[in-house]
Amino acid sequence: VGVLLLGLDGFRLINDTLGHAAGDQLLREVGERLQQLVHGSNTLARPGGDEFSIFVQDADLVQMEELAGQVLEALRRPFHVAGQEVYVSCSIGICFYPEDGRDNESLLRNAHVALHQAKEEGRNTYRLYRRQLNEDAGYRLALRSDLRQALDRGEFVLYLQPKVETSSGLVTSAEALLRWVHPQRGMISPVVFIPLLEETGLIEPVGEWVLEESCAIIRRLQEQGFRDFTVAANLSPRQFHQQDLAQRIGQFIGRHGLRAEEPELELEITESMLMRHEAQSMDLLRQLHEMGIRLAIDDFGTGYSSLSYLTRFPVDYLKIDRSFITQIGHSQEGETVVRAVISMARDLGLKVIAEGVETRIQLEFLRIIGCDLIQGYLFSPPVPEEELARMLERQARGERIGAGKADT
Ligand code: C2E
Ligand code: CA
Ligand code: CA
């Protein structure tokens, strides 16, 4: 059993400034959001004060880490208490039964130890109880060594998540998302293994594989009759600084017979990647731009750059980060930000992609304000290549995919 103990950061301040009634209301709302993350036989409890605990049956480390990530994410949206928007973050401690304690008391005590460590290390984060930390190091070590062989053994696969054009309701492109099918552990999330690839430098060969495989997918789709379909691959910061990246990409494009002028391969980079090594980035982007490759700024809004600054780089798309999209229907300020980004982007000649669209309310809002492309679970999660091809076949027969335009 995995135990996740969460303490709200700065709760006392809220109590002191807004009053106890507001504090109580906040606790209830936090409880409600957490409840949505708790399924089946797992349990949510409030052991006291500003603390909540979640017990997860048959949990392994990866699951607990993912849950911790979801909890941090769930509390990122503002709360509405006492007529105000309130932001809270939380710190999380994690421990495991029976390794870290055989009874409730010792488990909670050890979870507290980890929680305090999380608070000390800057809050809005999670920590594992030390025993587990050691095992964690072991787990990562094991994964790391498995990763070395994963490429040769063909354990990587690209899933594709459709992007839907808001104006036509058609799927015209997809994002390639990396998956690792571990022979014993099953499918492992990129959130877990991409940092390991980066640490070990393996991201360079694996990243190249992603680029080449994306080109191969485009080619295979073309052979099935789906012309002009584009696939966007993610670039990691480390790859971004590979000397001959543009040249390599050019080779992949040629090898798989993509269009030379406006290749069907697109690239996604994050704004922080541009910020860090500005001159070098500019160089590479210019080269890619000259090759006709379209570029998207991923996770837009999470960095600290301004839109006007970004447009100094030759980019074509902005992908508004999911954390903004989730605010639609909940926060007026959030909606204002989305609206402003879209109208500014349009004035600057950039297309806008909304990522993480999960509800019809979000879709409607985005359609009305003229967002160009939509990506998210509402239409489809990332799917294997064959499934995407089946979707495109249905679309070619005139059937509608997901919640497209034909709907309204
Ligand atoms: P990202 O580039 O921001 O990719 C979007 C992530 O959001 C994907 O998670 C996708 O499955 C998820 N997502 C899509 N729609 C929704 C939705 O409606 N709701 C929610 N809650 N989530 C949604 P995934 O596939 O786990 O990838 C996570 C991150 O891993 C990616 O974030 C990207 O940063 C990285 N990554 C994935 N593949 C690659 C790759 O080939 N190379 C590099 N460098 N990074 C990759
Ligand atoms: Ca992306
Ligand atoms: Ca993103």
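Just so it is clear, the values below take in all heavy atoms, side chains as well, and ignore hydrogens, waters and symmetry mates. Here the structure is a predicted model, which is why all the values come from computation and not from measurement. Quick note: residue numbers are just sequence positions, from 1. Just so you know, ligand 1 is whichever comes first in the structure, and atom 1 is the first atom listed for that ligand.
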Compare all side-chain heavy atoms of [X] with those of [Y] and state whether any distance is below 4.5 angstrom.
{"X": "V357", "Y": "V164", "result": "no"}
{"X": "F156", "Y": "L178", "result": "yes"}
{"X": "V206", "Y": "F193", "result": "no"}
{"X": "F379", "Y": "K163", "result": "no"}
{"X": "L177", "Y": "P190", "result": "no"}
{"X": "Y159", "Y": "R179", "result": "yes"}

Closest protein heavy atom to [atom], given as residue, atom name and distance to 0.1 Å:
{"atom": "atom 19 (N) of ligand 1", "value": "E358 OE2, 2.5 Å"}
{"atom": "atom 10 (C) of ligand 1", "value": "L177 CD1, 3.9 Å"}
{"atom": "atom 34 (O) of ligand 1", "value": "N234 OD1, 5.0 Å"}
{"atom": "atom 29 (C) of ligand 1", "value": "P190 CG, 4.5 Å"}

Answer with yes or no whether the side chains of [Y] and [X] bring together a donor and an acceptor at under 3.5 Å.
{"X": "N42", "Y": "Q57", "answer": "no"}
{"X": "E208", "Y": "Q242", "answer": "yes"}
{"X": "T336", "Y": "E333", "answer": "no"}
{"X": "S173", "Y": "E266", "answer": "no"}
{"X": "D299", "Y": "T270", "answer": "no"}

**Request:** Let me see the working for K119 and D9 under salt bridge (Lys or Arg N to Asp or Glu O under 4.0 Å), right down to the final yes or no.
**Result:** CA-CA 8 Å; K119 288 219 191 242; D9 299 328; 3.3 Å; yes
Can you check whether a protein heavy atom sits less than 4.0 angstrom from [atom]?
{"atom": "atom 42 (N) of ligand 1", "result": "yes"}
{"atom": "atom 21 (N) of ligand 1", "result": "yes"}
{"atom": "atom 6 (C) of ligand 1", "result": "no"}
{"atom": "atom 38 (N) of ligand 1", "result": "yes"}

**Candidate with minimal heavy-atom separation from atom 35 (C) of ligand 1, of D299, I194, I325, D321** = I194
Heavy-atom contacts with [X] under 4.0 Å: which atoms of ligand 1 show up? List them by number with element.
{"X": "E355", "value": "3 (O)"}
{"X": "L235", "value": "44 (N)"}
{"X": "V210", "value": "41 (O)"}
{"X": "P382", "value": "11 (O)"}
{"X": "G376", "value": "15 (N), 18 (O)"}

Hey, is ligand 1 close enough to [X] that some N/O pair sits below 3.5 Å?
{"X": "E175", "answer": "yes"}
{"X": "Y377", "answer": "yes"}
{"X": "D298", "answer": "yes"}
{"X": "Q375", "answer": "no"}
{"X": "L378", "answer": "no"}

**Request:** Without swapping roles, check the side chain of E271 against the backbone of D298 for a donor-acceptor pair under 3.5 Å.
**Result:** no
**Expected output: side-chain H80 to main-chain H330 donor-acceptor under 3.5 Å** = yes
**Request:** Could you see which bit of Q161 sits under 4.0 Å from ligand 1, with heavy atoms only: side chain, backbone, both or neither?
**Result:** side chain
**Prompt:** At a non-hydrogen distance cut-off of under 4.0 Å, which region of S236 contacts ligand 1 (side chain, backbone, both, or neither)?
**Reply:** both
**Audit row: R219, E264, salt bridge (Lys or Arg N to Asp or Glu O under 4.0 Å) steps and yes/no** = CA-CA 9 Å; R219 181 70 200 177; E264 295 86 342; over 6 Å; no
**Prompt:** For S323, which of R76, E355, R77 qualifies under side chain to side chain donor-acceptor pair (under 3.5 Å)?
**Reply:** R76
**Message:** Return all protein N, O or S atoms below 3.0 Å from the Ca ion (ligand 2), chain by chain in residue order.
**Reply:** E175 OE2, N234 OD1, E268 OE1, D298 OD2
**Request:** Check whether NZ of the Lys or CZ of the Arg R360 lies under 6.0 Å from the centre of the six-membered ring of F365 and within 45 degrees of that ring's axis.
**Result:** no
**Request:** Take every heavy atom of G356, measure it against each atom of ligand 1, and state whether any distance is under 4.0 Å.
**Result:** yes
